[in-house]
Amino acid sequence: MATPESPYGTSAPVVAGGKPVRVHHLAAAKKDGTKLVMLTAYDAVTAQILDAAGTDLLLVGDSIGNVMLGHDSTLPVELDEMVVATRSVARATKRALVVADLPFGTYEAGPEQALASAVRLMKAGANAVKLEGGSPRAASVRVLTQAGIPVVGHLGFTPQSVNMLGGFRVQGRGEAADVLLADAQALAEAGAIALVLEMVPEPLAARVTESLTIPTIGIGAGARCDGQVLVWTDMAGMTDWSPRFAHQFGQIGEALRQAAVDYGAAVREESFPSEKHWFSS
Ligand code: KIV
């Protein structure tokens with residue numbers, strides 16, 4: 001709960017005094033054992049609330065496709081849509097580090113394509129970009145890093161490869177664990193500032209976390225990652241369904257529905273607007 005001393009309650013955020021979170025704070029957080037808190041955000045109104053709550057990193061995720069745009073995967077998301085969302089989030093954010101996803105089809109061709117796409121997101125206000133995939137992406141991570149663009153990697157279940165992976169499945173089981181570990185090391189060596197681990201077995205996530213000096217941020221990867229990320233609508237209980245690895249910390253969907261019901265009733269009963277809501281002259 002928030003107190004007069006701390007708007008973030010009793011937990012200590014990665015940087016004190018409301019100062020902005022910067023890239024160097026991430027490695028420092030790992031060293032100190034301070035957990036990193038990341039949430040998705042897709043628009044200014046939500047970003048402002050999540051930023052004020054002390055969220056360390058706001059991810060303009062390509063999950064905007066499923067969560068906000070009505071698609072059934074992240075694949076249809078366009079770079080132009082990510083640019084608009086990134087601008088909106090960045091304008092409303094004072095403290096969090098804003099990370100924007102490179103959407104499907106905007107970086108896989110190689111470093112040149114990745115750089116051109118990442119530049120657009122950085123010009124829109126991102127502080128870093130995120131891309132999916134392991135060792136084959138290391139060259140792009142290196143080029144972006146050398147161009148001054150911090151990169152977050154994403155391993156395990158990578159939603160842009162849902163067709164190749166055969167659905168929403170846990171990754172890195174059995175022999176695939178060593179491949180994932182090698183991928184993590186390749187991305188870190190190429191200069192990645194952090195690594196999202198999605199839907200990987202908890203012991204593997206712990207092994208990857210221990211083997212790296214950059215922080216891991218887990219989603220469905222257990223508690224031994226250096227931080228956690230959730231899609232904000234899952235975290236806040238915006239919809240009835242959320243994935244098994246998420247926890248609903250609120251029931252915002254029901255609160256919104258009820259507010260709309262109450263508003264509708266007030267209009268129909270003519271109790272809204274009342275005198276205090278109108279201008280007499
Ligand atoms: O786009 C997204 O929301 C993500 C998270 C699931 C990490 O990549």
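First listed ligand is number 1; within each ligand, the first listed atom is number 1.
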ring-ring contact (aromatic ring centres under 6.0 Å, His included) against F157, all qualifying residues, sequence neighbours excluded: F168
Test your reading of the model: is there a side-chain donor-acceptor pair from T106 to the backbone of P103, 3.5 Å cut-off? yes
Distance filter under 4.0 Å, heavy atoms only, around ligand 1 gives T40, L59, G61, D62, S63, D101, K130, H154, V196, E198, I219, V231
Test of understanding: with side-chain contact (heavy atoms from CB on, under 4.5 Å), list the residues that count as partners of L256, not counting sequence neighbours. M238
Determine whether the side chains of Y42 and S63 contain a donor N or O and an acceptor N or O closer than 3.5 Å. yes
For E108, does the CD atom have more than 12 heavy-atom neighbours from other residues, nucleotides or ligands under 6.0 Å away? yes
Would you please name every residue forming a side chain to side chain donor-acceptor pair (under 3.5 Å) with D72, sequence neighbours left out? none
